[in-house]
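Okay, so here's the structure we're looking at.
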Amino acid sequence: MSSLTLYDTLSRSVLPFVPIRKGEASIYLCGATVQAPPHIGHVRSAINFDILGRWLTKSGYKVTFIRNVTDIDDKILNKASHEDLTWWALAMKYERAFASAYDALNVIRPTYEPRATGHITQMIQLMQTLIDNGTAYAPGNGDVYLEVRKLTSYLTLSRQKLEDLQTSTDSDASFKKDPRDFAMWKAAKPGEPSWPTPWGNGRPGWHLECSAMAHTYLGETFDIHGGGLDLVFPHHENEIAQSQAAGWPFAKTWMHNALVTASGEKMSKSLGNSMLVSAVLERVRRIELRWYLGSAHYRSILEYSPEALDESAVAFRRIESFLERASKLLGHNPVPVLGQSLIEAMNDDLAVPLALAHISEALREGNVALANSDLALLEQKSNEIRGALEVLGCDPYDPAFSESGEVDLREALDGTIELALKQRQSARDRKDFAASDEIRDGLAALGIAIEDTPQGPRWSITHTEER
RNA sequence: GGUGGAGUGGCCGAGAGGCGAGGCACAGGACUGCAAAUCCUGCUACACGGGUUCAAAUCCCGUCUCCACCUCCA
C-alpha cells in the first residue's frame with residue numbers, strides 16, 4: 001500500500017508525510033477574519049483542508065485540527081461602525097455566518113476553534129519572550145514590532161530577499177527601526193477596544209494570534225500549517241518569524257490552497273467579484289457546491305463560472321442517480337469501501353481529479369452491471385463510489401446533507417407518483433401512448449422526471465429549480 | 001523591480017522523457033412505442049522559437065501571454 005505524500009511550500013516539493021507523533025496528525029489552518037459573509041473562495045479553503053483531515057483520519061491518524069477565528073482587526077472595527085454594531089456583535093454575526101456555511105457544506109468541525117480575543121494572555125507572553133531576547137521592541141507609542149533584521153532567517157517560505165521587498169507606505173513607520181519590521185501589537189486609538197499590556201493598551205496584530213494559538217493548542221511544533229496561497233507573505237512568514245524567534249520549530253509542512261478566480265481574477269470583496277456562499281446555494285444544492293469546490297486539485301486555480309458550476313452539478317447527479325438505482329436493485333445502501341486506485345490518488349498529494357477519473361470509470365462499469373443485473377459487480381462498484389464520495393465529503397447518504405422533512409415528503413410523494421405510474425403503465429399496455437405521454441409530461445411539468453428502466457419506471461426530482 | 005504559479009483538443013481538466021487520464025459538448029450506433037437514462041464507437045491536444053535525446057506536452061535555452069504575492073486578504 002502506498003503512503004501519503006504532500007506538497008510542502010517550504011521545500012517546494014512533494015514529500016512523504018511523516019508525523020511528528022506516531023499515529024497522530026496536527027493541523028493548524030488559518031480561518032476567517034469575520035468581517036463579512038463567506039464567499040466560495042473562503043469555503044474552498046475549508047473544504048480542501050477538510051478533505052485532507054478526512055483522508056488523514058481514513059488513513060488511521062488521530063487528527064487534531066485547529067482553525068482559528070480572527071475576531072478583532074481593522075476591518076472589523078471599520079465594518080462595525082458602518083453597520084452600527086459593536087465590534088463584538090459584528091464579529092459574532094459573521095462568525096456564525098461562516099459556521100453555518102461550513103456546516104452546510106459538511107466541513108467537519110475543527111477539534112478546537114480558538115478566537116483571537118480569547119488568547120491575549122498567550123500573545124503577551126510571546127511578545128514578552130521576544131522583547132526579552134531582543135528580537136522585538138516596543139518603541140513607546142504602544143505598538144510592539146518584530147525586528148526582522150535580528151532574525152537568523154526570514155522569508156524562507158516565500159523565498160524573497162529583504163532588500164527586494166517594496167517598502168510599506170504606512171504613515172506610522174516612524175516608530176519602526178526598519179520599514180520592514182512588522183507590528184505584532186497595535187496601540188489603541190481613542191474609542192477602539194483594547195487590552196492592557198506592559199507596553200500600553202492595544203490590540204493584537206494579525207500575525208501574532210496565529211503563532212500564539214498554534215502554540216497553545218499544538219505545542220512548539222506540529223505537522224501541517226495550512227491556508228490560502230495569498231497568506232504566504234506576509235502572514236505565514238511573520239508567523240514563522242515570531243514563533244522561531246521564540247525558539248519554537250513551528251510547522252513542519254506548509255500547505256497552501258490556490259484561490260478561486262472569476263473572470264481570471266482572484267475572488268475578493270474589494271474587486272467586487274465575490275460569489276457569496278448564500279447566493280451560490282440559490283443555484284445548486286449544498287452537496288453539489290461541495291462537489292464543485294472540492295473537485296479541483298487544491299493547488300490549482302478554480303475559475304468560477306455559473307456554467308462550470310452547473311456542469312459539475314449535473315455530473316454529480318449522474319453519480320447520485322447511479323447510487324440510487326444501485327441501492328434499489330441491491331436492496332440496501334452501498335457501504336463505503338476504499339478502492340485501491342482511490343487510495344493511490346489521494347496519497348499522491350490529494351490528487352482529487354485523478355480520483356474523479358476513477359469514479360467515472362467505476363460509474364461506467366457500475367452502470368453496465370446495473371444493466372446486466374450483475375449484483376456482485378454492482379455491489380463492488382457502488383461501494384467503491386460511495387467510499388470515494390465519503391472521502392470527498394460528498395456522501396449523498398450523509399445525514400449532514402438531508403433536508404429537514406425531506407424523508408417524510410419523499411415517502412408521500414413516492415406513493416402518489418407510483419399511482420400515476422400505474423395509470424401510465426396500463427395506458428402503455430393498451431398502446432395508448434397519447435395517454436401515457438400525457439401522464440409523463442404532466443409529471444415533468446411538476447418537476448418529476450420519469451425514466452423507463454429494465455427494472456420498471458423510476459422517478460426523480462429535477463433539481464434545476466431546487467434550492 | 002523582486003518572488004512564485006500557469007498556458008494541454010470546441011470547453012473543463014489530469015499527467016511531467018516512451019504505454020491516447022477523465023469529464024462535458026458534438027457526431028454515429030445499440031436499447032426504447034417515443035423520450036430519458038445507460039452502454040458502444042468516433043473526435044489523437046499540449047502558448048511560440050530553438051536545442052538535448054533513439055524518443056519531448058514532459059528536460060535545457062530564449063520569447064510571448066495571463067494570474068498571485070510584495071505588510072487588508074482564504
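Quick note on labels: first sequence line is chain A, next is B, and so on, each numbered from 1.
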Residue-level proximity of residues 231-238 of chain A to RNA chain B when a heavy atom falls under 4.0 Å: A:Leu231, A:Phe233, A:Pro234, A:Asn238
Pairwise C1' distance for B:A6 and B:C48, with rounding to whole Å: 16 Å
B:G9 and B:C54, which share atom name C1', separated by this distance in whole Å: 28 Å
Integer-rounded Å distance: B:C70 P and A:Leu229 CG: 11 Å
B:G62 and B:G2, which share atom name P, separated by this distance in whole Å: 14 Å
Taking only nitrogen or oxygen atoms into account, show me every contact under 3.5 Å that the protein makes with nucleotides 25-29 of chain B, one pair per line with its distance.
none

Distance, C1' atom - from B:G13 to B:G23, rounded to whole angstrom: 8 Å
Rounded P spacing from B:C19 to B:U58 in Å: 13 Å
Touch class at under 4.0 angstrom, heavy-atom based, for A:Gly41 against every strand present: base
Nucleotide B:A74, atom P - distance to CG of A:Asn257 in whole Å: 11 Å
Within the 6.0 Å centroid threshold, strictly below: A:Phe250 and A:His236: no
CG-CG distance between A:Leu446 and A:Asp441, expressed to the nearest 0.5 angstrom: 11.0 Å
From CD1 (A:Ile108) to CD1 (A:Ile47), nearest 0.5 Å: 12.0 Å
Residues which pass side chain to side chain contact (heavy atoms under 4.5 Å, CB included) with A:Thr152, listed by chain and number, not counting sequence neighbours: none
Parallel, tilted or perpendicular, as decided by the 30° and 60° cut-offs, for the rings of A:His235 and A:His207: tilted
Footprint string (nucleotides 30-43 of chain B, 5' to 3'): B base within contact, S backbone only, - free, heavy atoms under 4.0 Å: ---BBBBSSSS---
Touch class at under 4.0 angstrom, heavy-atom based, for A:Thr261 against every strand present: nothing
Pairs flagged by salt bridge (charged side-chain N to carboxylate O under 4.0 Å, His left out) wherever residues 95-110 of chain A is involved - sequence neighbours left out: A:Glu95-A:Arg115, A:Asp103-A:Arg109
Pair A:Asn238-A:Gln242, side-chain donor/acceptor within less than 3.5 Å: no
Distance, C1' atom - from B:U8 to B:A56, rounded to whole angstrom: 14 Å
Span that lies between the P atom of B:U44 and that of B:G22, in whole angstrom: 14 Å
For residues 222-234 of chain A, which side-chain donor-acceptor pairs fall under 3.5 Å, sequence neighbours excluded?
from	atom 1	to	atom 2	distance (Å)
A:Asp223	OD1	A:Ile20	N	2.8
A:Asp223	OD2	A:Ser26	N	2.9
A:Asp223	OD2	A:Ser26	OG	3.2
A:His225	ND1	A:Glu239	OE1	3.4
A:His225	NE2	A:Glu239	OE1	3.4
A:Asp230	OD2	A:Lys266	NZ	3.3

Result of checking A:Thr253, A:Asp8, A:Leu4 against A:Leu15 for side-chain contact (heavy atoms from CB on, under 4.5 Å): A:Asp8
Between C1' of B:A21 and NE2 of A:His358, the distance in whole Å: 8 Å
Residue pairs involving residues 351-370 of chain A (criterion salt bridge (charged side-chain N to carboxylate O under 4.0 Å, His left out); sequence neighbours excluded): A:Glu365-A:Lys381
Spacing between A:Tyr28 atom OH and B:A74 atom P, to the nearest angstrom: 13 Å
For the student: nearest non-hydrogen atoms of A:Arg440 and A:Asp452, plus distance: NH1-OD2, 4.3 Å
By side-chain hydrogen bond (donor to acceptor under 3.5 Å, both in side chains) - contacts of A:Asp50 (at least two apart): A:Arg54, A:Arg290
Length of the CH2-P vector between A:Trp291 and B:C24, whole Å: 12 Å
Any donor-acceptor N or O pair under 3.5 Å, side chains A:Ser321, A:Arg325: yes
Atom pair CE (A:Met213) and CD1 (A:Ile66), whose distance is rounded to the nearest 0.5 Å: 10.0 Å
Sugar-phosphate only, base, or nothing, as touched by A:Gly31 at under 4.0 Å among non-hydrogen atoms: sugar-phosphate
Sugar-phosphate, base or nothing in reach of A:Val260, heavy atoms under 4.0 Å: base
Side-chain donor/acceptor of A:Asn68 to backbone N/O of A:Pro114, under 3.5 Å: no
Spacing between A:Phe316 atom CZ and B:G22 atom P, to the nearest angstrom: 22 Å
B:C60 to B:G4 separation - P atoms, rounded to the nearest Å: 15 Å
5′-ward residue of the pair A:His39/A:Ala315 relative to RNA chain B: A:Ala315
Length of the CD1-C1' vector between A:Ile385 and B:G22, whole Å: 14 Å
Reference residue A:Thr111; test side-chain contact (heavy atoms from CB on, under 4.5 Å); the match among A:Leu218, A:Thr64, A:Val63, A:Ile27: A:Thr64
For A:Ala46, all residues meeting side chain to side chain contact (heavy atoms under 4.5 Å, CB included), sequence neighbours excluded: A:Arg67, A:Tyr102, A:Val107
Rounded interatomic separation in angstrom, taking CD1 from A:Ile319 and P from B:G22: 16 Å
Qualifying residues under side chain to side chain contact (heavy atoms under 4.5 Å, CB included), relative to A:Thr156, sequence neighbours excluded: A:Leu10, A:Ser153, A:Glu237
B/S/- contact track for nucleotides 2-18 of chain B, protein heavy atom under 4.0 Å: BSS---------S----
Dot-bracket pairing map - RNA chain B, Watson-Crick plus G-U, both contacts under 3.5 Å, | cross-strand: (((((((..(((.....[...))).(((((.......)))))....(((((..]....))))))))))))....
